Amino acid sequence: MSEMITADLVDLDLSADTKEAAARALAERMVAQGRVTDLEGFLADVAAREAQMPTGLDGGIGIPHCRSEHVTEPTLAFGRSARGIDFGAADGPADLIFLIAAPAGADDAHLTILSSLARQLMNTEFTTALRSVKDAAAAAALIRGDEAPAAAEAPAAEAPVAAEGAATAASSSEAAGEEEDGRPFRIVAVTSCPTGIAHTYMAAESLENAGREAGVELVVETQGSAGFTRLDPAVITAADAVIFAHDVPVREKDRFAGKPTVDVGVKAGINRPAELIAEVRAKAERGEVTAPASGGTPVERAGESGEGYGTKLRKWLMSGVSYMVPFVAAGGLLIALGFAIGGYKINKAPSVMDHFVWTQGDSWAALLFQIGAVSFGFLVPVLAGYIAYGMADRPGLVPGFVGGSIALTINAGFLGGLVAGLIAGGVVMGIQKAKIPPALRGIMPVVVIPLISSAIVGFLMFVVIGKPIASAQKGLTDWLNGLSGTNAILLGALLGVMMCFDLGGPVNKVAYTFATAGIAVSNPSDSAMKIMAAVMAAGMVPPLAMALATTVRGKLFTQTERENGKAAWVLGASFISEGAIPFAAADPLRVIPSSMVGGAITGALSMGFGATLRAPHGGIFVVPLIGNPFLYLLALVAGVCVTTALVVILKGMRKQSPEGSAKEAAGASVSARDSKQPVAA
């Protein structure tokens, strides 16, 4: 990491009390060296990354990091805190803080710094040396690798005992590490974490070190955020056992099937690698191996062990919805543009294959409408196919798509797609559990499973359950078309509350899916378009309200929240409810109820005003496609103002409450000192 850190980027007496203040102090050194061009912009990027997931690591280490357009070259700054700073690690504050900055788009450089640093942090001699080094230049040299850390010396009286213990451990490790044929025991491992950066490489380094100490051959495949380099198939074949230390699904897990396996979280790979090696060796001695199957469905690989069927069902359904939404967005926007350009009768236009005039706007409108209609034709099959995929992996795709297409054919619609996907996934899971003769295993995925599962799903959808589902779908449609007056307003309020309850979570997605299902046809009803308008308006309320609140009463928020508020303007205007998550996470009891009240008002007013929307996404950028756009915007402004007022009032009451005045005053003093703002009287 030469030239990424110099003595000028080292602070061995970091006096900051908070992670925000620590980042600012180290970033100011980067600015002074010309490595960062805009201090506040860079700190906003650091805060945005920190909001995604804490950057504290066990062992007293904090590694705030980001990619930013305000960084001129990959840079690393180091600070040492005597009192410790909370970076969210489970074992307490960090005294070694590394601020890592990379230019926007410089993924390779960013990951190179992080992975190299993460591996060094697993070396006790390295961290011990950093805690005791007296000179900034020496600290920079240690981090760059120009100087090796001095080995810690044992007390003279204990040295012989330590040496004897080490020799005994080495000899026992060598004996334990050898197989009967004289070769060492061989292990392959995979490490991965949600960000694919620090923990991924720290676990790899920890396992490799423990492997050397145990006298075994251990090779690690790190599946980081920039992709991964696959282990040589010959290495996997020759391995005696496998260790998975991961918090996200292991990619291409089938490669490791049929071997003794230990499957744990990534932190176990960091904290107890020797135990994992001993455990997997014991499994090998007992002859325990994993089944030569797919290693679980996509949902199971992403979930936690012991999850109930309710949780799995929600994930299966969300799997289908997540793949369906892009089709909804593309098709809905194209259809909406077609209507905007060609008028409400554009759906009656002849096929552009038969009639298309390059100079006529109506021809272009018809083209957009017909492309969008084709995109909408995939919605139900994609929904069903990927629900089945979430349950049974790739073998579920064929019967899922077949069942979804049948649901369209028999007018079972969205509900039919849900049921078809669940049936298809269940049928495939049942077939996979059957004992199959070895001679048939090779053709199971490409012939037997698609044939049998499609036939069963088709029979059930056409003959048994299709008609009742179609009747239920028709009843739901008729109910929506019949909504008017108070009923419509109450539905709008309910959907508004749901959109703001968990800000992009399951409840929010249920409301959004309900709305998009109504417009997922070439000719949606007026009620369905009103529901879509109410849902999108309510979903925009929380982030816009938080942005407005940080603007009008900034002293009620931290510096980081004020920076997040700037981004929330854009996120809210784009209908990205998740823009309010940092505020809700920091103060859920005030932010979430306030957002729900504002969302309910906006949803109710939108329905009452009769605003309609054919596009499933886009925020204020699709206002020209909205029916009654001025009243729609009025409903949005009303909800935003109500939420803003409630948040400001509730936060103001907290600041002024008599029973907490002393604590709040102290907190305000610290906040003011760190953010360089005056303390409110």
Side-chain angles (χ1 to χ4, degrees), residues 1 4-5 55-63 65 76 78 87 89-91 94 96-98 100 108-131 142-152 169 173 177 184-231 235 239 241-248 250 262-280:
M1 294 188 292
M4 288 187 184
I5 183 168
T55 55
L57 304 176
D58 291 346
I61 297 165
I63 51 168
H65 57 273
L76 173 63
F78 169 66
F87 274 87
D91 66 343
L96 303 180
I97 295 91
F98 302 85
I100 302 170
D108 291 342
H110 188 220
L111 294 173
T112 297
I113 304 172
L114 279 166
S115 60
S116 178
L117 177 62
R119 287 180 176 273
Q120 288 192 70
L121 293 175
M122 296 310 299
N123 183 348
T124 304
E125 293 178 353
F126 175 72
T127 53
T128 300
L130 282 179
R131 288 186 169 98
L142 273 172
I143 297 171
R144 288 196 304 265
D146 296 346
E147 294 182 7
S173 294
F185 190 81
R186 295 167 180 168
I187 300 175
V188 290
V190 176
T191 61
S192 65
C193 62
T195 54
I197 302 176
H199 288 84
T200 297
Y201 297 98
M202 292 177 75
E205 185 74 9
S206 182
L207 286 167
E208 289 170 353
N209 291 340
R212 283 191 291 270
E213 293 174 3
V216 303
E217 287 186 6
L218 195 149
V219 185
V220 183
E221 176 178 289
T222 52
Q223 297 189 353
S225 61
F228 66 104
T229 302
R230 294 164 182 79
L231 288 174
V235 173
V242 180
I243 295 175
F244 294 132
H246 64 116
D247 286 340
V248 294
V250 173
V262 167
D263 196 330
V264 295
V266 69
K267 286 194 174 181
I270 298 173
N271 299 329
R272 49 187 187 91
E275 293 181 25
L276 302 183
I277 292 173
E279 183 180 346
V280 81

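Sequential numbering from 1 along the given sequence is applied to the chain's residues. These figures come from a predicted structure and were not determined experimentally.
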Peer 1: If every non-hydrogen atom of L207 is compared with every non-hydrogen atom of G269, which pair is closest and at what distance?
Peer 2: CG-O, 4.1 Å

Peer 1: Write down the atom of I277, the atom of A214, and the distance for their closest heavy-atom approach.
Peer 2: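 It is CG2-CB, 4.4 Å.
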
Peer 1: Who are the side-chain contact (heavy atoms from CB on, under 4.5 Å) partners of V264, not counting sequence neighbours?
Peer 2: A245, V262, A268, R272, L276

Peer 1: Taking the side chain as everything from C-beta on, heavy atoms only, tell me whether L130 gets closer than 4.5 Å to I143.
Peer 2: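 Side chain of L130 against side chain of I143, heavy atoms only: contact under 4.5 Å found.
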
Peer 1: Could you walk me through whether L96 and R131 pass the side-chain contact (heavy atoms from CB on, under 4.5 Å) check?
Peer 2: CA-CA 8 Å; L96 303 180; R131 288 186 169 98; 3.8 Å; yes

Peer 1: Of all residues at least two apart in sequence or in a different chain, which pass the side-chain hydrogen bond (donor to acceptor under 3.5 Å, both in side chains) check with E208?
Peer 2: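 Only R119 meet the side-chain hydrogen bond (donor to acceptor under 3.5 Å, both in side chains) criterion with E208.
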
Peer 1: The criterion is ring-ring contact (aromatic ring centres under 6.0 Å, His included); which residues satisfy it with F78, sequence neighbours excluded?
Peer 2: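 Per chain and number, F78 pairs via ring-ring contact (aromatic ring centres under 6.0 Å, His included) with F98.
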
Peer 1: Between I270 and S206, which heavy-atom pair has the shortest distance, and what is it?
Peer 2: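 Looking at all heavy atoms of both residues, the closest pair is O-OG, 3.0 Å.
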
Peer 1: Can you tell if the side chain of R144 reaches within under 4.5 Å of the side chain of I5, non-hydrogen atoms only?
Peer 2: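 Yes; the side chains approach each other to less than 4.5 Å.
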
Peer 1: State whether the side chain of H246 and the backbone N or O of F244 hold a donor-acceptor pair below 3.5 Å, judged by distance alone.
Peer 2: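 No.
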
Peer 1: What pair of heavy atoms forms the shortest contact from A204 to V220, and how long is it?
Peer 2: CB-CG1, 3.6 Å

Peer 1: Side chain to side chain contact (heavy atoms under 4.5 Å, CB included) with I243: which of D263, V188, I187, T191?
Peer 2: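 Among D263, V188, I187, T191, the one that satisfies the side chain to side chain contact (heavy atoms under 4.5 Å, CB included) with I243 is I187.
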
Peer 1: Between the main-chain N or O of S192 and the side-chain N or O of Q223, is there a donor-acceptor pair closer than 3.5 Å?
Peer 2: no

Peer 1: For residues G62 and F87, report the shortest heavy-atom separation together with the two atoms involved.
Peer 2: CA-CG, 4.1 Å

Peer 1: Which heavy atom in E221 sits nearest to a heavy atom in R230, and how many Å separate them?
Peer 2: OE1-CA, 3.2 Å

